[in-house]
Amino acid sequence: MRFGVLTGGGDCPGLNPAIRAVVLRAARAGHETIGYLDGWKGLRDGRSRPLTPADVLGLIGRGGTILGSSRTNPFRSEEEAAKVDRQLAADRIDALVAIGGDDTLSAGRALAGRGGKVVGVPKTMDNDVAGTDWTFGFHSAVAVAVDAAERLRDTAESHHRALVLEVMGRHAGWVALATGLAAGADATLVPEEPYDEARFLERVRAAAQLRGYALVVASEGIDLGARRGATGGKDEFGHELLGQRQVGAELAARIEAGCGIESRSAQIGHIQRGGPPELFDRILATRLGAAAVDLALAGRFGEVAVLRGPVIAGIPFAEALRAPKLLSPDWLDLLHTFEP
Ligand code: F6P
């Protein structure tokens, strides 16, 4: 068989280990793999490179993706979709492994719907793909955010300030929640809960009274209502670029105005997406990449490899895409247990 593999959407730690697993699992069964460059865009435009075991052996600890990525969806136009069909035939691809988040997987579902032999691997630092317990990229990104929060705490404590850390995560609060819990933040704001300014400022005041400073973690996706900050532009999939709204800076200004506490903010942005994958992400990406090959070898096209408890399973694209996975009330309850 000839496998094709691509990585789409925002990069995150774990993509390279997943590519490595696909190539090596396929090679072990006697099959070859080519990699499409820059996600669906490279497949549409016929840009690929061979991937031999030697090309991927050293990728287990490398961040980013050696294949490049893009936020391109060729299935929005029949003309471009037909180009994808033709390219797969020209390259004699028997099985395509699409590694990505909601957008990349929805393109995979479209290809499967027109008879394409495709399987999916979920990834995203946002951890918002339904049907899988965790996505790789998340743990590594949160480790970076926790490190940032702990550094900000030092300054907050030294200067008796409120420090606000703004993290990514789009419309799901997983990154903020895990960062807030692991760094012991005094207030963590997530998109799943409506912003309540009086309650928020009360928490900051209480923390400042209790220990002389306050540490706040805010998800980029929260809605602060009327604000001074700009609204975000859009990416190629039509998603608002939430980081451009700078909610962290806005919160710091509101703390100063509302509590009279000197405040600063930091937006760590794409720093969360780079760097080597953490242990959990290396293992998860490896398991999912290998499982995707196994699904294809078993003829289970149209499925996505996912983590369910301790087990890797295959589920239909539609199930993995049914709705973004958001924070449940029990997570929110746990989070607020530790806030003043
Ligand atoms: O989906 C991953 C993510 O990092 C989001 O958390 C963030 O909102 C978005 O991508 C940023 O996208 P870009 O890299 O296009 O600025």
Side-chain angles (χ1 to χ4, degrees), residues 1-9 11-40 42-43 47-69 88 91-101 104-105 108 116-124 129 132-140 274-308 310-315 320:
M1 277 173 78
R2 240 164 100 79
F3 279 81
V5 60
L6 61 82
T7 53
D11 71 333
C12 70
L15 287 171
N16 278 327
I19 295 166
R20 175 179 180 270
V22 169
V23 173
L24 296 180
R25 189 73 156 194
R28 194 185 69 160
H31 307 298
E32 58 180 14
T33 305
I34 67 167
Y36 288 102
L37 306 181
D38 303 332
W40 293 101
L43 172 50
R47 291 186 300 114
S48 61
R49 57 170 278 190
L51 287 173
T52 66
D55 293 325
V56 300
L57 271 173
L59 293 183
I60 189 73
R62 207 160 132 192
T65 160
I66 58 161
L67 292 176
S69 191
L88 287 170
D91 291 336
R92 294 177 290 104
I93 297 299
D94 301 298
L96 178 70
V97 180
I99 307 173
T104 305
L105 296 178
K117 294 191 165 169
V118 55
V119 292
V121 172
K123 68 85 212 173
T124 167
V129 177
T132 187
D133 291 356
W134 301 105
T135 50
F136 63 77
F138 171 72
H139 285 73
S140 305
E278 293 272 305
L279 168 67
F280 183 85
D281 288 337
R282 293 184 194 200
I283 303 296
L284 179 59
T286 298
R287 293 176 79 195
L288 293 178
V293 169
D294 294 348
L295 286 174
L297 293 177
R300 291 171 61 180
F301 295 108
E303 293 195 19
V304 179
V306 295
L307 179 68
R308 291 265 168 103
V311 173
I312 302 291
I315 61 170

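Side-chain atoms are counted along with the backbone in the values below, which use heavy atoms only and exclude waters and symmetry mates.
Residues meeting the side chain to side chain donor-acceptor pair (under 3.5 Å) test with Asp55, sequence neighbours left out: Thr52. Under the side chain to side chain donor-acceptor pair (under 3.5 Å) criterion, Ser69 pairs with no residue at all, not counting sequence neighbours. For Asn16, there are no side chain to side chain donor-acceptor pair (under 3.5 Å) partners at least two apart in sequence or on another chain. Contacts of Ala26 classified as side-chain contact (heavy atoms from CB on, under 4.5 Å), with partners at least two apart in sequence or in another chain: Phe3, His31, Thr33, Val293.
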Exercise. Start with the C-alpha distance between Tyr36 and Ile93, add both sets of side-chain angles, then the distance that settles side chain to side chain contact (heavy atoms under 4.5 Å, CB included), and finish with yes or no.
Key: CA-CA 11 Å; Tyr36 288 102; Ile93 297 299; 3.3 Å; yes
Practice problem: Could you go through the side chain to side chain contact (heavy atoms under 4.5 Å, CB included) check for Ile99 and Leu6 one step at a time? | Solution: CA-CA 6 Å; Ile99 307 173; Leu6 61 82; over 6 Å; no
Quiz item: Are Lys117 and Leu96 close enough, and set up right, to give a side chain to side chain contact (heavy atoms under 4.5 Å, CB included), and what steps lead you there?
Solution: CA-CA 6 Å; Lys117 294 191 165 169; Leu96 178 70; over 6 Å; no
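Although no hydrogens or angles enter the test, the distance criterion places no donor-acceptor pair under 3.5 Å between the side chain of Arg49 and the main chain of Ile34. No donor-acceptor distance shorter than 3.5 angstrom exists from the side chain of Arg2 to the backbone of Glu32, with no hydrogens or angles considered.
Salt-bridge annotation for Arg47 and Asp38: present, with a side-chain N of the basic residue lying under 4.0 Å from a carboxylate O of the acidic one.
Pairs passing the salt bridge (charged side-chain N to carboxylate O under 4.0 Å, His left out) check and including a residue from residues 18-28, sequence neighbours excluded, read Arg25-Asp294.
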Scan the side chains in residues 57-64 for donor-acceptor partners under 3.5 Å anywhere in the protein, sequence neighbours excluded, and list what turns up.
none

